[in-house]
**Student:** 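What follows is a structure written as C-alpha cells; I'll ask about it next.
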Amino acid sequence: MSELELLNLARSATEHQVAWFAQMLSVNFAMVVAIYYFLHRATIALRLFSFFAYTVGMLVFLGQMLGETNVKVGALEALRALPVALLSRPSVYYLAFLDSRVALITRVTFNLSVWLLWIGVFYLLFFSQRHWTSNRAMQRT
C-alpha cells in the first residue's frame with residue numbers, strides 16, 4: 001500500500017470509531033429517557049431485559065470499534081515502517097500527534113467513557129430508585 005492509502009486507512013478507521021461512539025451516545029441518551037419516563041417504575045424482569053438488550057447493542061458497537069482499532073494499528077505500523085525521509089509532511093505530523101500526550105489522553109478517555117456510560121445506565125436502571133421517589137415527594141409539596 002502507498003503512504004497515502006495507509007494514511008487514509010488510519011484516518012477512516014478513526015472516523016468510523018467516532019461515528020460508532022456517537023451512536024453509542026445516542027443509545028445511552030435514549031436509555032436515560034426511557035429510564036426517566038417508564039423504566040424506573042417497571043418490574044425487575046423488564047429492567048433486566050432492557051439492560052440485556054442495551055448491553056448487547058453496546059457490545060456490538062464496542063466490537064466494531066475494536067475491529068477498526070486493529071485496522072488502524074496495522075495501518076500505523078505499516079506507515080511507521082516506511083522510511084522517514086520519504087514520508088510526506090501530513091503523515092509526519094499525523095504520526096507525531098499520535099505519539100503526543102493529547103492523543104494518549106484522548107485514547108484513555110475514549111476507552112473509559114464506554115465503561116462510564118455502561119455503568120451509568122446500570123446505576124440509573126437498578127440503583128436510583130431513591131432518587132425517583134424523592135423527586136416525586138418534592139413535586140407533591
Side-chain angles (χ1 to χ4, degrees), residues 1-84 86-141:
M1 294 182 85
S2 71
E3 174 193 354
L4 180 60
E5 290 171 326
L6 291 170
L7 182 62
N8 284 336
L9 183 60
R11 293 184 68 232
S12 72
T14 300
E15 182 181 342
H16 290 145
Q17 289 172 321
V18 170
W20 280 317
F21 185 71
Q23 293 294 325
M24 289 175 94
L25 284 176
S26 297
V27 168
N28 276 277
F29 285 127
M31 277 298 288
V32 169
V33 168
I35 291 167
Y36 181 79
Y37 281 111
F38 66 91
L39 282 176
H40 71 279
R41 290 178 272 170
T43 64
I44 192 70
L46 183 57
R47 287 183 192 192
L48 286 171
F49 175 76
S50 298
F51 190 72
F52 174 75
Y54 162 79
T55 300
V56 168
M58 290 289 281
L59 288 174
V60 168
F61 283 129
L62 184 61
Q64 291 299 319
M65 291 167 73
L66 291 174
E68 285 296 319
T69 299
N70 287 330
V71 170
K72 183 177 178 178
V73 167
L76 292 174
E77 284 178 1
L79 196 57
R80 284 191 166 106
L82 297 174
V84 176
L86 300 178
L87 289 178
S88 65
R89 300 309 296 164
S91 294
V92 170
Y93 284 125
Y94 187 67
L95 292 173
F97 169 75
L98 291 175
D99 293 334
S100 72
R101 288 184 183 152
V102 173
L104 175 65
I105 291 169
T106 302
R107 285 192 305 267
V108 168
T109 303
F110 200 74
N111 287 320
L112 289 177
S113 64
V114 172
W115 295 107
L116 182 64
L117 293 170
W118 188 78
I119 291 168
V121 167
F122 181 80
Y123 171 78
L124 286 174
L125 198 54
F126 296 108
F127 296 106
S128 65
Q129 191 64 34
R130 280 184 261 144
H131 172 75
W132 306 118
T133 307
S134 66
N135 275 349
R136 275 191 241 133
M138 289 176 62
Q139 289 173 352
R140 290 182 189 144
T141 58

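For the numbers below, each heavy atom of this structure counts, side chains included, while hydrogens, waters and symmetry mates do not.
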**Student:** Taking C-beta and beyond as the side chain, do Leu62 and Trp20 meet within less than 4.5 Å on heavy atoms?
**Tutor:** no

**Student:** Do you know the tightest heavy-atom contact between Ser50 and Met31?
**Tutor:**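 Minimum heavy-atom contact is O-CE, 4.4 Å.
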
**Student:** Determine whether Tyr36 and Leu124 satisfy the following criterion, side chain to side chain contact (heavy atoms under 4.5 Å, CB included), listing intermediate values before the conclusion.
**Tutor:** CA-CA 9 Å; Tyr36 181 79; Leu124 286 174; over 6 Å; no

**Student:** Rounded at 0.5 Å granularity, tell me how far CG in Leu116 sits from CG in Asn111.
**Tutor:** 12.5 Å

**Student:** Shortest non-hydrogen contact from Arg47 to Leu39?
**Tutor:** NE-O, 3.2 Å

**Student:** Do the side chain of Ser113 and the main chain of Phe110 share a donor and acceptor less than 3.5 angstrom apart?
**Tutor:**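 Checked: pair present.
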
**Student:** What are the two closest non-hydrogen atoms of Ile35 and Val121, and how far apart are they?
**Tutor:** CD1-O, 4.0 Å

**Student:** Which pair of heavy atoms, one from Met1 and one from Glu5, lies closest together, and at what distance?
**Tutor:**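 The answer is CA-OE1, 3.4 Å.
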
**Student:** Out of curiosity, Leu66 CG to Lys72 NZ, how far, rounded to the nearest 0.5 Å?
**Tutor:**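 The NZ atom of Lys72 is 13.0 Å from CG of Leu66, to the nearest 0.5 Å.
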
**Student:** Give the ring-plane orientation class for Phe126 versus Phe122, where under 30° counts as parallel, over 60° as perpendicular and anything between as tilted.
**Tutor:**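 Tilted.
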
**Student:** From Gln64 CD over to Thr69 OG1, what is the distance, rounded to the nearest 0.5 angstrom?
**Tutor:** 11.0 Å

**Student:** Minimum heavy-atom separation for Val114 and Met24, please, with both atom names.
**Tutor:** CG1-CE, 3.6 Å

**Student:** Roughly how far, to the nearest 0.5 Å, is the CG atom of Leu7 from the OG atom of Ser12?
**Tutor:** 10.0 Å

**Student:** Heavy atoms, side chains only, cut-off 4.5 Å: are Tyr54 and Leu125 in contact?
**Tutor:**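 Counting from C-beta outward, Tyr54 and Leu125 never come under 4.5 Å.
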
**Student:** When you measure from the side chain of Glu3 to the backbone N and O of Ser88, does any donor-acceptor pair fall under 3.5 Å?
**Tutor:** yes

**Student:** Would you compute the distance between atom CG of Leu79 and atom CG of Leu98 and round it to the nearest 0.5 angstrom?
**Tutor:** 9.0 Å

**Student:** For residues Asn8 and Leu4, determine if any side-chain heavy atom of one lies less than 4.5 Å from a side-chain heavy atom of the other.
**Tutor:** yes

**Student:** Where is the tightest heavy-atom contact between Glu68 and Ala13, given as atom of each residue plus distance?
**Tutor:** OE1-CA, 3.2 Å

**Student:** When Arg80 is tested against each of Leu87, Asp99, Leu6 for side chain to side chain contact (heavy atoms under 4.5 Å, CB included), which residue passes?
**Tutor:**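 Single side chain to side chain contact (heavy atoms under 4.5 Å, CB included) partner of Arg80 among Leu87, Asp99, Leu6: Asp99.
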
